[in-house]
Amino acid sequence: MRTLCSGVSRGTETLVFRGGVPVSQHSVMRAPFQEGDFPAPLKYGYLNVGVVEEGPSALLGRTVFCLYPHQTHYVVPASAVTPVPDSVPAPRAVLAGTVETAVNALWDAAPLVGDRIAVIGAGMVGCGVAAVLARYPAVRVQLVDADPARAATARALGVDFALPQDALGDCDLVVHASATEEGLARSLELLAPEGTVIELSWYGDRQVSLPLGEAFHSRRLVVRSSQVGAVSPARRARRTFADRLALALDLLADPAFDALITGESAFEELPEVLPRLVSGDLPALCHRIRYPPADG
């Protein structure tokens, strides 16, 4: 494989970079082709798009997606790559892992026609969920974030935007992806009676407080986790990991997803780029990494 581009999943990768993976989660959080052990040093990443330069004839010369770290060339089993559809440009295909997470979350959430839905947290995963929900029929979708600049991203994705204090309530479903206590508490406040929060945030080694008193029980609210490491139980008997990833790539034919790419750097700049992403000096949803051409 020769890498064309890769993506930095800012939330997870910066948490890994700063050493925030709890010891109890070291085995769960291993990337498929990770080298080294937590906390550091290690090779980590899982959004890689490249060209098959040597391999089975059916794949030779194909652009493929692989859950591989940031690296110029690598060798993996043929079963570890998924062909990128001709309708999806390679630079956009780095989002496949993010959209796959969104697909799994919505399999868990099972939204219905006409549902009132809020997505709290306009980061990479939250925006991915909102982008997929925007294609559902007759649903009210609102992307909620404390940063008013995310309104432009919401418009590009085709969904409404609100600051937390202005978000619409009476929601049947709230998808939480802000990785903050305040965001999760606000998610509960926005629910209609017997509504559900799908929790997509991963807090690493941070402790989180949640107001489960007040009207939590009388309103019969639900908080349910969703995690991409396993196929949702709602589809596990009929869909494989490969099926889920192929679906995510098909969805990426929509150019609206380009709004999730908010910056780009050269591969050789990664040692400077990652600390800036961790500190917040370089704000990003998905930060794309470009690689030297074949003759470079």
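In what follows, residues are counted from 1 in the order of the sequence shown. This structure is a prediction, so every number in the text was calculated from the model and none was measured. Scope of the values below: all heavy atoms of this structure, side chains included, with no hydrogens, waters or symmetry mates.
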| query | How far apart are the C-alpha atoms of Arg224 and Asp108, what are their side-chain angles, what is the distance that settles it, and do they pass the salt bridge (Lys or Arg N to Asp or Glu O under 4.0 Å) test? | reply | CA-CA 9 Å; Arg224 192 161 82 243; Asp108 281 332; 5.5 Å; no
Are [X] and [Y] linked by a side-chain donor-acceptor pair shorter than 3.5 Å?
{"X": "Asp115", "Y": "Tyr136", "answer": "no"}
{"X": "Lys43", "Y": "Gln71", "answer": "yes"}
{"X": "His70", "Y": "Glu13", "answer": "yes"}
{"X": "Thr3", "Y": "Tyr74", "answer": "no"}
{"X": "Glu199", "Y": "Ser201", "answer": "yes"}

Which distance, rounded to the nearest 0.5 Å, do you find between the [atom1] of [X] and the [atom2] of [Y]?
{"X": "Leu112", "Y": "Leu173", "atom1": "CG", "atom2": "CG", "answer": "9.5 Å"}
{"X": "Cys127", "Y": "Arg150", "atom1": "SG", "atom2": "CZ", "answer": "6.5 Å"}
{"X": "Ile117", "Y": "Ile198", "atom1": "CD1", "atom2": "CD1", "answer": "10.5 Å"}
{"X": "Glu189", "Y": "Leu221", "atom1": "CD", "atom2": "CG", "answer": "11.0 Å"}

Got a sec: does the [atom1] of [X] have more than 12 other heavy atoms crowding it under 6.0 Å?
{"X": "Glu54", "atom1": "CD", "answer": "no"}
{"X": "Gln165", "atom1": "CD", "answer": "yes"}
{"X": "His217", "atom1": "NE2", "answer": "no"}

Would you call [X] and [Y] a side-chain contact if the rule is heavy atoms closer than 4.5 Å?
{"X": "Val49", "Y": "Pro91", "answer": "no"}
{"X": "Leu95", "Y": "Leu252", "answer": "yes"}
{"X": "Val175", "Y": "Leu200", "answer": "yes"}
{"X": "Leu106", "Y": "Val129", "answer": "yes"}
{"X": "Met29", "Y": "Trp202", "answer": "yes"}
{"X": "Ile261", "Y": "Arg92", "answer": "no"}
{"X": "Asp166", "Y": "Phe161", "answer": "no"}
{"X": "Arg116", "Y": "Val141", "answer": "no"}

| field | Shared hydrophobic cluster for Tyr203 and Val197 (ILVMFWY, side-chain gaps under 4.5 Å) | value |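 Both belong to a single hydrophobic cluster.
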| query | Are Leu67 and Val99 in one and the same hydrophobic cluster, where Ile, Leu, Val, Met, Phe, Trp and Tyr link if side-chain heavy atoms are under 4.5 Å apart? | reply |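 Leu67 and Val99: one cluster.
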| request: Go through Leu168 and Arg140 one step at a time and tell me if the side-chain contact (heavy atoms from CB on, under 4.5 Å) criterion holds. | output: CA-CA 10 Å; Leu168 297 174; Arg140 186 192 80 190; 3.6 Å; yes
| query | side chain to side chain donor-acceptor pair (under 3.5 Å) between Thr240 and Asp243: does it pass, once the steps are laid out? | reply | CA-CA 5 Å; Thr240 65; Asp243 293 331; 3.2 Å; yes
Taking every non-hydrogen atom, the tightest pair across [X] and [Y]:
{"X": "Ala78", "Y": "Pro56", "value": "CB-CG, 3.9 Å"}
{"X": "Arg135", "Y": "Leu157", "value": "NH1-O, 3.7 Å"}
{"X": "Ala179", "Y": "Arg206", "value": "O-NH2, 2.9 Å"}
{"X": "Asp147", "Y": "Leu163", "value": "C-CD2, 4.5 Å"}
{"X": "Val273", "Y": "Ser265", "value": "CG2-OG, 3.4 Å"}
{"X": "Cys5", "Y": "Val94", "value": "SG-CG1, 3.6 Å"}

| task | Check salt bridge (Lys or Arg N to Asp or Glu O under 4.0 Å) between Arg219 and all other residues, then give those that pass, not counting sequence neighbours. | result |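 With neighbours one apart ignored, the set is empty.
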| task | Look at the aromatic rings of Phe38 and His26 and report parallel, tilted or perpendicular, splitting at 30° and 60°. | result |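 Tilted, since the angle between the ring planes falls between 30° and 60°.
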| request: Let me know which of His176, Glu182, Glu181 forms a side chain to side chain donor-acceptor pair (under 3.5 Å) with Ser178. | output: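 Of His176, Glu182, Glu181, side chain to side chain donor-acceptor pair (under 3.5 Å) with Ser178 is met by His176 alone.
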| field | Stepwise side-chain contact (heavy atoms from CB on, under 4.5 Å) test for Val139 and Val113 | value | CA-CA 6 Å; Val139 296; Val113 172; 5.9 Å; no
| Step by step, would you call Leu42 with Phe17 a side-chain contact (heavy atoms from CB on, under 4.5 Å)? | CA-CA 9 Å; Leu42 74 164; Phe17 184 83; over 6 Å; no
| Verdict with supporting geometry, Val223 and Leu188, side-chain contact (heavy atoms from CB on, under 4.5 Å) | CA-CA 8 Å; Val223 179; Leu188 291 174; 3.7 Å; yes
